[in-house]
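Accompanying notes for the structure given below.
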There are 2 protein chains.
Amino acid sequence: MARRTDARASAISTAERLFRIQGYTATGLIQVLKESGAPKGSFYFHFPRGKAQLAEEAIDCYVAKRMAVLRHISSETAGDAPKFVRQIFRTFADEMVAADFQYGCLMQNLANELPALDADLTKRVARGFLDSTEIIADHFRGCGFTSERASSAAAALVAALEGARTIARLERSPAIFEALADVSVRGWASLER
Amino acid sequence: MARRTDARASAISTAERLFRIQGYTATGLIQVLKESGAPKGSFYFHFPRGKAQLAEEAIDCYVAKRMAVLRHISSETAGDAPKFVRQIFRTFADEMVAADFQYGCLMQNLANELPALDADLTKRVARGFLDSTEIIADHFRGCGFTSERASSAAAALVAALEGARTIARLERSPAIFEALADVSVRGWASLER
DNA sequence: TTTCCTATATGGTGATCACCATAGTATGTC
DNA sequence: GACATACTATGGTGATCACCATATAGGAAA
């Protein structure tokens, strides 16, 4: 039987948004339901396992969107590592500016509340990072990097992106993305003098 | 009159620890008091402004310790930027290994729960990042970097450190620090082939 | 039309949250 | 001994937490 309302989907997208702004523990189900317009009575009909399940579906949604963005950038800059790196930083910076620096990364926010997460959710977060990293590593391999170096460069880029989000949010400025792009592409040596 | 007990200090250090592991919202005062051994009855005697004040004192303590570590590394590697960068990554990695990857960065955890923080606490977090960055920028200036480039390189390094902590915690591995040290010092160019 | 399944409303559960009022104890100074 | 200060115990406040039992409304399939 087909679904008759969008209560479920809107609850997920609202949860994704609130988890990114406030974090997992700080976001109550009542707030999610109120802001999404979804009815309170049917929450445990749609999400029998409760808040944990809601978070699982939210992160699946978030990771899928993030990977789509990365894949798109990768295909646009095939074979050109510096351009790829710059384009990633610019895209993330633009997203944050557009959202007035209100949103953190959902994976990072969940990772910072690990004890509140069950094993399943923790695995999904870790998987999200691994999958993102792999897309980036693939691109580097396509630029002629050795496999090992492509992997470590990709991991470094992912970490830098996460840190940049935290800083940008606090400073309400995309400057950190520019700084990271420069350092990443040119290395410290070129910064001297 | 002199203080007669260490209830206050132990509450602060316990709060710092729990905030780093669980985050701000997820950590209840009852847990802080129980784990610190501090009596429940005197909490609002020591911290009249409640949980927010406890967090303020915890972050002051955390930032002071972090800056001391950075200053020490800086003085040990004066004039040598690559060595400085590598030493920072190694020190942070060693700390995480020693603590079995249980601890996040207090500033980052608080930054990811911004809506739960009052203005005073938010300012303290931002100030902590600025002060840390400034120590690093000073070192780069001492290596002959231009002032502007020293600042942006320092900001990039701080962001990378934050992101690395998140990843390392999730992967329970210090590998990301190694990867970042390589990329930071050598740049992407040297990773090709 | 009867029977399901989807979906929602209502009204709770006990637990925990940060916070506080009141009273009392311990330890210092004078 | 008098007295002030430093500290703690007790027992709450109302609010919010995630979660759930029960009843029922609405549309599709039989």
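So that the names make sense, note that chain A is the first sequence line, chain B the second, and so on, each numbered from 1. Quantities reported herein were computed from a predicted structural model and do not represent experimental measurements.
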When rounded to whole Å, the CZ to C1' distance for the pair F45(B) and dA23(C) reads 15 Å

Between the side chains of T14(A) and E35(A), is a donor N or O closer than 3.5 angstrom to an acceptor N or O?
no

Ring pair (Phe, Tyr, Trp, His ring centres under 6.0 Å) partners of F84(A), counting only residues at least two apart
H139(A), F140(A)

Not counting sequence neighbours, which residues clear ring pair (Phe, Tyr, Trp, His ring centres under 6.0 Å) with F43(B)? List them please.
F47(B)

Per atom distances to the Y44(B) side chain, the nearest of dT8(C), dA18(D), dA18(C) is dA18(C)

Picking from dT8(C), dT8(D), dC19(D), which would you name as closest to the side chain of H46(A)?
dT8(C)

For residues 172-179 of chain A, please give each side-chain donor-acceptor pair under 3.5 Å, one per line with the distance, not counting sequence neighbours.
{"from": "R172(A)", "atom 1": "NH2", "to": "D100(A)", "atom 2": "OD1", "distance (Å)": "2.9"}
{"from": "R172(A)", "atom 1": "NH2", "to": "D100(A)", "atom 2": "OD2", "distance (Å)": "3.1"}
{"from": "S173(A)", "atom 1": "OG", "to": "A175(A)", "atom 2": "N", "distance (Å)": "3.0"}

Below 4.0 Å: OP1/OP2 of dC7(D) and any side-chain N or O of S42(B):
no

Just the rounded figure in Å: distance from C1' of dA18(C) to CD of Q53(B).
14 Å

All pairs passing ring pair (Phe, Tyr, Trp, His ring centres under 6.0 Å) where residues 95-134 of chain A contributes a residue, at least two apart:
none

Expressed as a whole number of angstroms, how long is the span from F43(A):CZ to dA21(D):P?
15 Å

Enumerate the salt bridge (charged side-chain N to carboxylate O under 4.0 Å, His left out) contacts for residues 132-141 of chain A, please, sequence neighbours excluded, ordered by first and then second residue.
E134(A)-R141(A), D138(A)-R141(A)

Specify the separation, in whole Å, of atom CG of L33(A) and atom P of dA7(C).
15 Å

When you match G41(A) and Y24(A) each to their closest nucleotide on DNA chain D, which lands nearer the 5' end?
Y24(A)

Going 5' to 3' through nucleotides 12-17 of chain C, assign each nucleotide B (protein heavy atom under 4.0 Å from a base atom), S (under 4.0 Å only from sugar-phosphate atoms) or - (no protein heavy atom that close).
B----S

